[in-house]
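The block underneath contains the structure these notes are about, expressed in structure tokens.
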There are 4 protein chains.
Amino acid sequence: MFLQIEFESDIPIYQQIKNQIIRGIALGELKLGEDLPSVRQLASDIGINFHTVNKVYNQLKQEGWVVIHRKSGVMINPDLNVYNNKQYIESLDELLKFTTAEAYLRGVTKEKFIELIEENYNKYF
Amino acid sequence: MFLQIEFESDIPIYQQIKNQIIRGIALGELKLGEDLPSVRQLASDIGINFHTVNKVYNQLKQEGWVVIHRKSGVMINPDLNVYNNKQYIESLDELLKFTTAEAYLRGVTKEKFIELIEENYNKYF
Amino acid sequence: MFLQIEFESDIPIYQQIKNQIIRGIALGELKLGEDLPSVRQLASDIGINFHTVNKVYNQLKQEGWVVIHRKSGVMINPDLNVYNNKQYIESLDELLKFTTAEAYLRGVTKEKFIELIEENYNKYF
Amino acid sequence: MFLQIEFESDIPIYQQIKNQIIRGIALGELKLGEDLPSVRQLASDIGINFHTVNKVYNQLKQEGWVVIHRKSGVMINPDLNVYNNKQYIESLDELLKFTTAEAYLRGVTKEKFIELIEENYNKYF
DNA sequence: GTGGTCTAGACCACG
DNA sequence: GTGGTCTAGACCACA
């Protein structure tokens with residue numbers, strides 16, 4: 001598994017895992033329909049408690065990223081269709097408001113910022 | 001004061017205040033050298049504990065956004081020069097990794113994302 | 001066989017099968033006295049473990065929906081007479097308490113709800 | 001608090017609490033904007049672990065029934081607006097398919113069933 | 001074997 | 001005081 005957890009980070013472990021799984025999908029490292037390790041397996045791989053992984057999987061399920069198949073455990077949702085709803089766009093815009101403001105004041109130019117975005121987007125399949 | 005606090009947000013109140021002050025500077029709504037309300041004044045305006053405001057001001061000072069004079073209170077740092085250090089760029093890039101991945105999967109195109117960035121940057125002085 | 005299993009549903013597979021068999025009887029798709037496939041046959045058709053089918057048949061027998069003959073296999077109870085006992089009515093009422101409450105708050109009017117009931121009942125023989 | 005938990009039930013405790021809170025809103029026993037007991041308070045009142053209550057509140061928050069106010073804890077969403085989305089109607093219809101089928105075969109007439117619905121709806125504000 | 005539920009207790013962030 | 005996170009270990013339902 002490609003997960004890399006920073007235990008010292010102030011980002012909760014479960015959030016780090018969520019982030020990396022979602023990014024894994026975008027990068028194509030995780031294929032649609034691909035199985036994820038079992039709750040206890042992943043927990044043991046990372047060296048954390050299985051409840052933490054359970055929380056991740058449940059949130060991912062609730063948000064539509066994965067499905068829990070009764071026979072084969074958890075897999076990336078083969079019909080991934082996470083809606084770009086109004087709420088999401090609003091929260092993204094809110095986040096960018098403050099992120100760009102700080103970046104601007106810290107001397108990150110618009111061009112540099114856009115370059116960072118493009119570098120990321122160009123990696124997605 | 002132009003602060004707008006969402007008490008039901010997931011973002012801590014002190015963080016909301018910090019965000020809005022920094023954005024206020026970027027937008028030019030807060031001029032360099034401009035006085036900020038006193039801790040107790042601001043706390044009372046927003047209806048929160050003054051310890052929370054205290055925390056905000058101390059963090060802003062620590063990061064170089066404001067200066068605190070014992071007598072004249074808090075003002076936006078007239079020599080604002082918060083450095084675009086390696087650590088900041090790294091954390092920004094880390095944030096964008098996950099933000100762009102989710103946005104991409106939710107159907108926000110690169111062009112749309114960049115448009116959001118430009119809209120924000122164009123408001124800064 | 002007309003069974004349609006959703007492996008990603010929150011409802012256990014054995015419950016899905018039970019539900020569909022009972023509904024099949026109500027719709028007249030399964031006649032009283034009609035033979036059901038053998039445990040192994042049905043398990044293989046659906047692609048599940050035969051223990052699961054076994055569980056279904058045993059529960060259906062226990063509740064009086066089917067009869068099991070050692071030789072001729074399982075058939076819909078020709079003298080179907082599952083009693084509308086007090087316990088059942090109570091559990092139905094309990095279920096409707098919460099179902100109607102949520103439906104109401106989600107904007108499903110009484111008329112709409114009743115319409116859904118009637119649509120279903122009108123299909124039964 | 002008006003909660004009544006059946007520890008012997010096969011319905012999980014957290015689900016029972018959710019059900020009763022939602023019904024409490026529909027009945028008007030819980031007003032919009034009303035505070036709910038704190039996680040630990042409610043847990044102690046019912047005599048269960050606070051994690052169980054925590055799970056309830058988090059799910060209710062996720063589904064929009066309550067908001068978590070940073071100052072005053074958890075309250076019924078004052079702007080309650082839980083959307084009657086396609087997914088919900090589908091799941092309701094699915095539930096009614098099997099519920100009505102069994103009720104019908106157990107001798108509950110359409111009229112009786114509708115009477116049960118009306119009795120419930122007439123209690124809602 | 002899988003995930004789901006519940007308990008218990010610890011520590012932390014926030015206000 | 002509030003909720004949020006993480007650990008640990010138990011028991012259960014399902015397939």
Side-chain angles (χ1 to χ4, degrees), chain A residues 5 7 9-17 35-44 46-59 61 66-75, chain B residues 5 7-17 43 46-56, chain C residues 5 7-17 43 46-56, chain D residues 5 7 9-17 35-44 46-59 61 66-75:
Chain A
I5 304 302
F7 292 96
S9 167
D10 51 351
I11 300 171
I13 294 174
Y14 83 93
Q15 186 64 56
Q16 294 184 46
I17 301 177
D35 281 339
L36 290 176
S38 78
V39 172
R40 284 166 172 84
Q41 181 62 49
L42 181 51
S44 135
I46 307 182
I48 60 175
N49 191 279
F50 82 90
H51 287 115
T52 306
V53 177
N54 204 9
K55 184 173 186 170
V56 174
Y57 281 1
N58 271 310
Q59 291 194 4
K61 173 190 170 193
V66 305
V67 294
I68 300 184
H69 193 102
R70 298 207 75 99
K71 294 178 74 182
S72 47
V74 179
M75 62 161 74
Chain B
I5 303 301
F7 288 99
E8 294 144 20
S9 166
D10 286 327
I11 302 170
I13 291 172
Y14 84 93
Q15 186 65 56
Q16 293 185 46
I17 302 177
I46 309 182
I48 60 174
N49 194 298
F50 77 89
H51 289 115
T52 306
V53 179
N54 224 344
K55 182 173 183 173
V56 173
Chain C
I5 304 301
F7 288 99
E8 295 145 18
S9 165
D10 286 326
I11 302 170
I13 292 173
Y14 84 94
Q15 186 65 56
Q16 294 185 44
I17 302 177
I46 310 183
I48 59 176
N49 194 298
F50 76 91
H51 288 114
T52 306
V53 179
N54 225 342
K55 181 173 184 174
V56 173
Chain D
I5 304 302
F7 291 95
S9 168
D10 50 352
I11 301 172
I13 294 174
Y14 83 92
Q15 186 64 57
Q16 293 185 46
I17 301 176
D35 282 340
L36 289 176
S38 79
V39 173
R40 284 167 172 84
Q41 181 61 50
L42 181 52
S44 136
I46 307 181
I48 59 173
N49 191 280
F50 83 88
H51 286 116
T52 306
V53 178
N54 204 9
K55 184 172 185 171
V56 174
Y57 281 1
N58 271 310
Q59 291 195 4
K61 173 190 170 193
V66 305
V67 294
I68 299 183
H69 193 102
R70 297 207 77 99
K71 293 178 77 183
S72 48
V74 179
M75 62 160 75

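Here is how names work: the chains are called A, B, and so on, in the same order as the sequence lines, proteins then strands, and each is numbered from 1. Since we're looking at a predicted model, the values are computed, not measured.
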- When the distance from CD of Glu8(B) to C1' of dC14(E) is rounded to whole Å, what number comes out? 16 Å
- Measuring from Ile5(B):CD1 to Lys71(D):NZ, what's the distance to the nearest 0.5 Å? 11.0 Å
- Closest contact, heavy atoms only, Gln16(C) versus Ser9(C): NE2-CB, 3.6 Å
- Do you know which two heavy atoms are closest between Ala43(D) and Phe50(D), and how far apart they sit? CB-CA, 3.5 Å
- Note on the structure: Sequence neighbours excluded, the answer for salt bridge (charged side-chain N to carboxylate O under 4.0 Å, His left out) partners of Asp10(C) is Lys61(A)
- Item | Which nucleotides of DNA chain E pair, in dot-bracket form (Watson-Crick or G-U under 3.5 Å, | meaning another strand) | ||||||||||||||.
- Query: Going 5' to 3' along nucleotides 3-9 of chain E, which nucleotides have protein heavy atoms under 4.0 Å from the base (write B), which only from the sugar-phosphate (write S), and which from neither (write -)?
  - Reply: BBBBBBB
- Message: The criterion is side-chain hydrogen bond (donor to acceptor under 3.5 Å, both in side chains); which residues satisfy it with Glu8(C), sequence neighbours excluded?
- Response: none
- Can you sort out the partners of Gln59(D) under side-chain hydrogen bond (donor to acceptor under 3.5 Å, both in side chains), two or more places apart, ordered by chain and number? Lys18(D)
- Considering all heavy atoms, the nearest Phe7(C)-Gly47(C) contact: CZ-O, 4.4 Å
- Item | Under-4.0 Å side-chain N/O to phosphate OP1/OP2 contact, Arg70(D) with dG15(E) | yes
- Task: Taking side-chain hydrogen bond (donor to acceptor under 3.5 Å, both in side chains) as the test, write out the residues that go with Asn49(D), two or more places apart.
- Result: His51(D)
